[in-house]
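Presented below is the structure to which this report refers.
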Amino acid sequence: MATALDIAKHNPNAAPLTVSDAARAAGQETLSKETLSKEAISIEKKAEFSVTASGQSSLVGLTREELKGKLGQIGVPEREHKMRVAQLWHWIYFRGAKSFDEMTNVGKGLRAALAEAYTLERPQVVSEQVSKDGTRKWLIRMPSTGPFDKGAEIECVYIPETDRGTLCVSSQVGCTLTCSFCHTGTQRLVRNLTSAEIVAQLIVARDCIGDWPDATPPEGAFVPTDGGRFVSNIVFMGMGEPLYNPDNVIAAIGVLSDNEGLGLSRRRITVSTSGVVPQMERLGAEANTMLAISLHAVRDDLRDVLVPINRKYDIKELLDACRAYPGLSNARRITFEYVMLKGVNDSDADARELVRLLKGIPAKINLIPFNPWPGSKYECSDWEQIERFSEIVYKAGYASPVRTPRGRDILAACGQLKSETEKLRARARMMLEQGIGAEGVYALGDSE
Ligand code: SAH
Ligand code: SF4
C-alpha cells in the first residue's frame, strides 16, 4: 500500500507532508501528545506568494516592511522609502489599483521601474459560486512557489447581510489537526499561507464584489445596504489552524487593520482557534483581535476525541488562557463555538456544564449545527435539542445564537472548505450542472 510519503515522492505538486499525514496514511486516526507537539513545528515550508503567472513578483498583500524591501531592490534610495510606501499603500490598499499607471502621484520614471520589476496581480480566482442567498464562495489559486508547484488552492467565503458583510478566510492549506468532525482535517496536503496570501483573500473579495471607492457591485449582487464597506468583518474560520501559523496571521492582521489602507477594525476581526494555548497570549498582545474558541465539548475525555489538541492543552488550561486574554469585557466577549453532534455532546447536562465552565468569562456561545460530509461519523442534533440547549445557555445569561445555514446551494460549509480540490471541483461542477444543493454554509458574522 502506498503511504502518503510515497505519494508525495511521486507527486511533484505535493506540499511537504506532516507527521499527521504520515500517521493518517498509516491508518492511525488518533494522535499522541508527541505527535501533536511535533506537528506544531512541522509546517516550515515558506511560500513566496510574490511570484505570479507572469514570473514577476506581485506587491499585493505585502506589509510596509516588505514593500520597503521591494523598493530597495529597484534602487529607490532609502530616504524615500517611507513616502513611497505610503503612496503604494494608498493605491494598493485604499483604492485597489490594478496597474501602476493609475498611481498618478508617483512620478512616471518610478512607475515604469515598478512595472518593469513588479506587478499588482492577484491570485487567480479559479471559480466563483454565488448562492441564492447571496453567499459567495471563491476557489483561489495562489501563484506557483516554484517549477514543480502548480499553486496551492484555498477557499474563501463571503457572507453578506443587510448590516454587515463577513469574509471567512483561510490561514493554511489544509490543517494538521484532526478534529474528528471536520473535513478540512482529513486533507493530506498542508502548508502555511504567507501573510500576503491571507491579505490577498480580502483583495480578491473586494475585486469580485466591487468594494473599492470607484467600483460598483456586480449586477444583482447582495451586499450590505447600511452604507458601510461591503466586507466589514473578517473571521479566520476557513481552512487551517490560525495559531499554528501565528507569524503570518499576525502580520496579515496588521495589513488588514491599517487605517490608511484596508482599514478593518481589529474588533471586527475574529481569530478562531481549536485551542493552541501557548499562542493565545501572543495573539492578544500583538494582534488584539476578537477571539473564538472551538470548544465543542465540556469534558476532557470527549474533547480529546473531538478536538485532539485537547490532549496537549486541556479544557482547564484553555479556559485559563481565555480568562487571561486582554481587553475582555461585556462589549468584547470571547465566542465559544460548539458544534451540535447528536447524542455526543448535546444533552441538557452538557449545556448546564458549559454554563458552569464559562462562569466569569465574558462569553457568547455560538451553536453550530453539524455539517455532515462524505464519510463523517456524526449526525447533526435534532432541531428541538439544539433549541433546548440554546435555551439553557441563554437562561444562564449568555447569548447563544445558532448559526443559520447559508449558501446551501453552493457547497461552502463550515469545516468542509476545500478538502481535496480535485474532488470538490468535480463535485461542485456536478452539482452546478445538476442544479442541486447539498451542504450549507453558516452565517459567521456574529462578532460586532
Ligand atoms: N481551525 C480553526 C478555525 C477553522 S474551523 C478552529 O478549529 O477553530 C472553523 C469552525 O468550524 C470551528 O469552530 C470548527 O470546529 C467548525 N467546524 C469544523 N467542521 C465542522 C462541521 N463539519 N460542521 C460544523 N462546524 C464545523
Ligand atoms: Fe483544523 Fe479547525 Fe478543522 Fe480542527 S476544526 S481540523 S483545527 S480546521
Side-chain angles (χ1 to χ4, degrees), residues 18 20-21 24 29 31 36 39-40 43 154-157 159 166 168-188 190 192-193 198 234-246 249 270-277 279-280 283 289-297 303-313 318 322 334-342 344-346 365-381 386 402-406 411-419 438-444 446:
T18 63
S20 67
D21 295 319
R24 252 179 245 134
E29 279 303 314
L31 290 171
L36 280 164
E39 268 183 336
I43 310 167
I154 52 106
E155 284 189 351
C156 181
V157 179
I159 303 142
T166 303
C168 176
V169 298
S170 295
S171 55
Q172 299 183 306
V173 181
C175 185
T176 52
L177 293 168
T178 50
C179 301
S180 53
F181 54 88
C182 175
H183 203 190
T184 305
T186 65
Q187 182 164 351
R188 281 205 314 270
V190 180
N192 282 337
L193 292 178
I198 296 170
I234 292 201
V235 291
F236 282 79
M237 293 184 187
M239 293 164 67
E241 168 48 59
L243 296 191
Y244 267 4
N245 186 14
V249 165
T270 301
V271 173
S272 173
T273 179
S274 55
V276 186
V277 167
Q279 295 296 337
M280 285 167 57
L283 181 78
T289 57
M290 304 298 281
L291 180 65
I293 301 289
S294 293
L295 189 63
H296 306 315
R303 195 164 190 271
D304 282 352
V305 175
L306 297 180
V307 188
I309 198 176
N310 194 68
R311 288 180 226 152
K312 202 160 177 345
Y313 312 111
L318 177 59
C322 287
I334 294 180
T335 301
F336 287 88
E337 297 159 276
Y338 197 94
V339 64
M340 297 300 293
L341 304 170
K342 187 173 183 167
V344 175
N345 65 352
D346 64 348
I365 292 130
N366 212 183
L367 301 178
I368 317 175
F370 170 64
N371 248 319
W373 38 272
S376 61
K377 50 189 174 203
Y378 301 106
E379 273 180 76
C380 182
S381 309
I386 298 180
V402 179
R403 263 186 210 170
T404 339
R406 293 283 304 257
L411 189 72
C414 239
Q416 292 182 305
L417 289 184
K418 197 194 75 82
S419 34
E439 299 91 344
V441 64
Y442 291 96
L444 302 158
D446 57 357

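Atoms within a ligand are numbered from 1 in the order they appear, just like the ligands themselves.
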Is it true that [X] lies under 4.0 Å from ligand 1, counting heavy atoms only?
X      : answer
His183 : no
Phe236 : yes
Gly238 : yes
Ser171 : no
Met239 : no

To the nearest 0.5 Å, how far apart are [atom1] in [X] and [atom2] in [Y]?
X      : Y      : atom1 : atom2 : value
Thr176 : Asn192 : OG1   : CG    : 8.5 Å
Gln187 : Cys182 : CD    : SG    : 10.0 Å
Ile368 : Ser381 : CD1   : OG    : 11.5 Å
Ile154 : Ile198 : CD1   : CD1   : 9.0 Å

Should you measure from each heavy atom of [X], which atoms of ligand 1 turn up under 4.0 Å away?
X      : result
Ile368 : 24 (C), 25 (N)
Cys182 : 18 (C), 19 (N)
Gly240 : 1 (N), 2 (C), 3 (C), 4 (C)
Trp373 : 22 (N)

Does only the side chain of Cys179 get under 4.0 Å from ligand 2, or the backbone, or both, or neither? Count heavy atoms.
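Under 4.0 Å from ligand 2, Cys179 contributes backbone and side-chain atoms.
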Donor-acceptor pair, side chain of [X] and main chain of [Y], under 3.5 angstrom:
X      : Y      : answer
Asp346 : Ile386 : no
Ser170 : Glu155 : yes
Asn245 : Ser171 : yes

Which pair of heavy atoms, one from His296 and one from Leu306, lies closest together, and at what distance?
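In this case the closest contact between His296 and Leu306 is O-CD1, 3.6 Å.
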What are the two closest heavy atoms between Ala297 and Tyr338, and how far apart are they?
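Reported closest heavy-atom pair: N-CE1, 3.7 Å.
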Which is closest to atom 14 (C) of ligand 1 by heavy-atom distance: Gln172, Met237, His296, Glu241?
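Closest candidate by heavy-atom distance is His296.
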Among Ala292, Ser294, Ser272, which one puts a heavy atom closest to atom 2 (C) of ligand 1?
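Among Ala292, Ser294, Ser272, the closest heavy atom to atom 2 (C) of ligand 1 comes from Ser272.
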Do any nitrogen or oxygen atoms of Phe370 come within less than 3.5 Å of a nitrogen or oxygen of ligand 1?
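No, Phe370 has no N/O under 3.5 Å of an N/O on ligand 1.
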Under 3.5 Å between some N or O of ligand 1 and some N or O of Cys175?
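N/O-N/O distance under 3.5 Å: no.
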Kindly confirm whether atom 3 (Fe) of ligand 2 is within less than 2.8 Å of some N/O/S atom in Cys175?
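No - counting backbone and side chain alike, Cys175 has no N, O or S atom under 2.8 Å.
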Is any side-chain heavy atom of Leu295 closer than 4.5 Å to a side-chain heavy atom of Arg303?
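Contact flag for Leu295/Arg303 side chains = yes.
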Side chain to side chain donor-acceptor pair (under 3.5 Å) partners of Ser272, counting only residues at least two apart:
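For Ser272 the side chain to side chain donor-acceptor pair (under 3.5 Å) partners, ignoring immediate neighbours, are Glu337.
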Please list, chain by chain and in numerical order, all residues satisfying side chain to side chain donor-acceptor pair (under 3.5 Å) with Thr273, sequence neighbours excluded.
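By the side chain to side chain donor-acceptor pair (under 3.5 Å) rule, Thr273 matches Glu241.
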Against heavy atoms of [X], which atoms of ligand 2 measure under 4.0 Å?
X      : value
Leu177 : 6 (S), 7 (S)
Gly185 : 6 (S)
Ser274 : 7 (S)

Counting only heavy atoms closer than 4.0 Å, does ligand 1 sit against the backbone of Thr273, its side chain, both, or neither?
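For Thr273, only backbone atoms sit under 4.0 Å from ligand 1.
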Answer with side chain, backbone, both or neither: which part of Asn371 has a heavy atom less than 4.0 angstrom from an atom of ligand 1?
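Both backbone and side chain of Asn371 come within 4.0 Å of ligand 1.
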